[in-house]
2 protein chains.
Amino acid sequence: MTRRPTILDVAALAGVSKSTVSLVLQNSTQVKAETRDAVRAAMIEIGYVYNRAAAQMRSPSAGLVGLVINDLRNPFFTEFATVLQMTLAAKGYATVIANSDEDADLQAKLVGSMIEHGVSALVVSPAYGDGGDAFDQIERAGIPAMQVLRKTDPRTGLFPFSSFDYAAGSARATRHLMNQGAQRIAFVGGLEGRAITEERKSGYLAEIKRAGAEPFSLHGRSSRGFGLDAVDQLPDDVDAAVCFNDLVALGMLSGFARIGRNLGQDFRLVGFDDIEDCAQVWPQLSSVACDIDGFARATADGLLAWMRDGVTPPPEHRAPVELIARTSSTGRMP
Amino acid sequence: MTRRPTILDVAALAGVSKSTVSLVLQNSTQVKAETRDAVRAAMIEIGYVYNRAAAQMRSPSAGLVGLVINDLRNPFFTEFATVLQMTLAAKGYATVIANSDEDADLQAKLVGSMIEHGVSALVVSPAYGDGGDAFDQIERAGIPAMQVLRKTDPRTGLFPFSSFDYAAGSARATRHLMNQGAQRIAFVGGLEGRAITEERKSGYLAEIKRAGAEPFSLHGRSSRGFGLDAVDQLPDDVDAAVCFNDLVALGMLSGFARIGRNLGQDFRLVGFDDIEDCAQVWPQLSSVACDIDGFARATADGLLAWMRDGVTPPPEHRAPVELIARTSSTGRMP
DNA sequence: GCTTGGAATTGGAACGTTCCAGATTTAGCG
DNA sequence: CGCTAAATCTGGAACGTTCCAATTCCAAGC
């Protein structure tokens, strides 16, 4: 097997200089159309593949974006990652996706590895815990980086934070349940003390307080399993719940099926995130919809503007959310 | 902002030559311990970050593995991708994950981009359709590459194929349903004509034929939505089903909840893949378990052996599967 | 003190691209 | 036809690392 062809080989075959080939590679306007075509033809004939490492050495702009996600198995994050990756791919950027699995140390390692690989920007949905290491590395490297969906680095402006207006969402859900006639509403799921839990809960608490009612909350892992068990631990007078996320709500939905309670009538339930499953279970699950696809696209666009034109995104941004009322809270069949 | 430090700067500070620094970088045994420590200290002091692009230029071994997945939103693939990435990360390899979204053209683009980025190996779960472009590119680049979970490139040996023994799994599931007393068993889900559908169905057909029974199948998208609707389209005498995958089965499970049929008694259901949700819905869903984590780890190990030691994996490998019987088919509560 | 051989270190070349400054060609115009 | 300006093209130099062959260092043995 022979050595990979380089632009030198292409140049020789096309009868031009390597500089011209380089210009063609960069779609420069200052090369004549017929020369360009000749060079392109030579590339194909010779089976040339671009050597990004060499290019990157000379001028460090990799066309590579790093994406570190705390829990890639969670459909919410998967959706985000997928759409972000595809949007960036459409603009010619490759995306390195990695899963930190809620491990701050692993997260730091992944970030380090990505920086070594020369990513030109990073998007991080940070793991809980001290993300200091990771963010310090990014700061030293001087790379544009955003915190999305979660914020663990407190310095404002350095790593712009972008997420959804969760508090407004849970407030909206709580009011909706009250309007449906719920007497006592619980908040279920999310690990206590964590920023997102508190944020999603804050809207609930505000509305409960405004109505002069008594709050009740049950905290734990944000999984179906937790939701499944949670139904047994609710006080008897609780007849509605706002869940930390859809996984918990879907778990509870299965839990009510188990104990034979009729969701949407005996009990009213609202999830959070509106993942695809919500409309595909029975009864259909009401949920606070976050437009992840739109959010991911906006993130990609903001990042591109930052990388290419130096336009720093606003230090903090919250995308609006929307309540999707379905059977599990209204009792009405679709 | 000043220029990034290089090994030259580190060398100057540590009072050694660049070659020595390079040796330290590679954990060479032939550098004295105290020199090594001095160099390491200098690196930290000066804030040195390794420039992989430069290294890669000189000796092309990127420590980068490409992973192209046909549908990253499917939990089955997400799990595989996640574990593969984490296993490789533990061995010092970064993974570029990309989603082709069942688009063969996009898949070819992604593969091309990864090759440009200098991946030292590729793992592809190919999109349906003509993956020729993608695989031809890989062949030209001469990179180790595996087809996993799906096979679209027919050439044997070039791109070793590794998957699960689906036929044995569906046969096992079908026998299990018969043993449970099912009278008429259907096969539900999967797009007709596709290799995996046929494979998963073949075990079912073989067992049905062996029992002298009449097969019945319902094909379509492998989603919860399809399963949800499928329950309305089953003939009345069908009292059990083997599903193409868990998503379809979970959809059917919701469908039976909707029409108030008692799963595990009126109807017996087995899914395929044993995704996490199976044990977290009600009733719990029986499923043919594929040990994805083990499979992903084995894939990573095989790939590493191939990359590092030139050990080609067997051209075709099928990992065993296991039936996990739960309430949806046995009627027994856990 | 001198030799010896292994351990430790070193300088230079090479990798394939981009960028720059200049060189060459082409086109337009009096 | 000669001049100028614009359009095109080109030959180094540079990027930061690794690899190789060569050199220096050091301790042990005589």
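Below, chains carry the letters A, B, ... as their sequence lines are ordered, and counting in each starts from 1.
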ask   = Can you check the B/Leu8 CG to C/dG11 C1' distance for me, whole Å?
value = 11 Å
key: Crowding at NZ, B/Lys151 (>12 non-hydrogen neighbours, <6.0 Å)   = yes
message = Taking A/Ser163's backbone N and O only, do any of them form a donor-acceptor pair with A/Arg318's side chain (distance below 3.5 Å, no angle check)?
response = no
What protein N or O atoms touch nucleotides 20-27 of chain C N or O atoms at under 3.5 angstrom, if any, and at what distances?
none

query = Starting at the 5' end of DNA chain C and moving along, which residue's nearest nucleotide shows up first, B/Thr29 or B/Met57?
reply = B/Thr29
query = Got more than 12 heavy atoms from elsewhere within 6.0 Å of CD, A/Glu276?
reply = no
ask   = First and last nucleotide of DNA chain D touching chain A, 5' to 3', heavy-atom cut-off 4.0 Å?
value = D/dT8 to D/dG16
Least distance between heavy atoms, A/Lys18 atom then A/Ala11 atom = N-CB, 3.7 Å
Return all side-chain donor-acceptor pairs below 3.5 angstrom for residues 66-79 of chain B, not counting sequence neighbours, or 'none' if the list is empty.
{"from": "B/Asn70", "atom 1": "OD1", "to": "B/Ser125", "atom 2": "OG", "distance (Å)": "2.7"}
{"from": "B/Asn70", "atom 1": "ND2", "to": "B/Glu102", "atom 2": "OE2", "distance (Å)": "3.0"}
{"from": "B/Asp71", "atom 1": "OD1", "to": "B/Arg73", "atom 2": "N", "distance (Å)": "3.1"}
{"from": "B/Arg73", "atom 1": "NH1", "to": "A/Glu79", "atom 2": "OE1", "distance (Å)": "3.2"}
{"from": "B/Arg73", "atom 1": "NH1", "to": "A/Glu79", "atom 2": "OE2", "distance (Å)": "2.9"}
{"from": "B/Arg73", "atom 1": "NH2", "to": "B/Asp101", "atom 2": "OD1", "distance (Å)": "3.2"}
{"from": "B/Asn74", "atom 1": "OD1", "to": "B/Phe76", "atom 2": "N", "distance (Å)": "2.9"}
{"from": "B/Thr78", "atom 1": "OG1", "to": "B/Leu72", "atom 2": "O", "distance (Å)": "2.5"}
{"from": "B/Thr78", "atom 1": "OG1", "to": "B/Asn74", "atom 2": "O", "distance (Å)": "3.1"}
{"from": "B/Glu79", "atom 1": "OE1", "to": "A/Arg73", "atom 2": "NH1", "distance (Å)": "3.2"}
{"from": "B/Glu79", "atom 1": "OE2", "to": "A/Arg73", "atom 2": "NH1", "distance (Å)": "2.9"}

query = Base, sugar-phosphate, or nothing: which does A/Thr6 touch, judged by heavy atoms less than 4.0 Å apart?
reply = sugar-phosphate
task = Verify, without hydrogens or angle tests, whether A/Thr6 (side chain) and A/Leu8 (backbone) share a donor-acceptor contact under 3.5 angstrom.
result = yes
query = Under 4.0 Å: is that the gap between some side-chain N or O of B/Thr35 and OP1 or OP2 of C/dA8?
reply = no
task = Write down the atom of B/Ile115, the atom of B/Ala141, and the distance for their closest heavy-atom approach.
result = CG2-CB, 3.8 Å
note = Scanning both residues in full, the closest heavy-atom pair of A/Ala134 with A/Val111 reads O-CG1, 3.8 Å
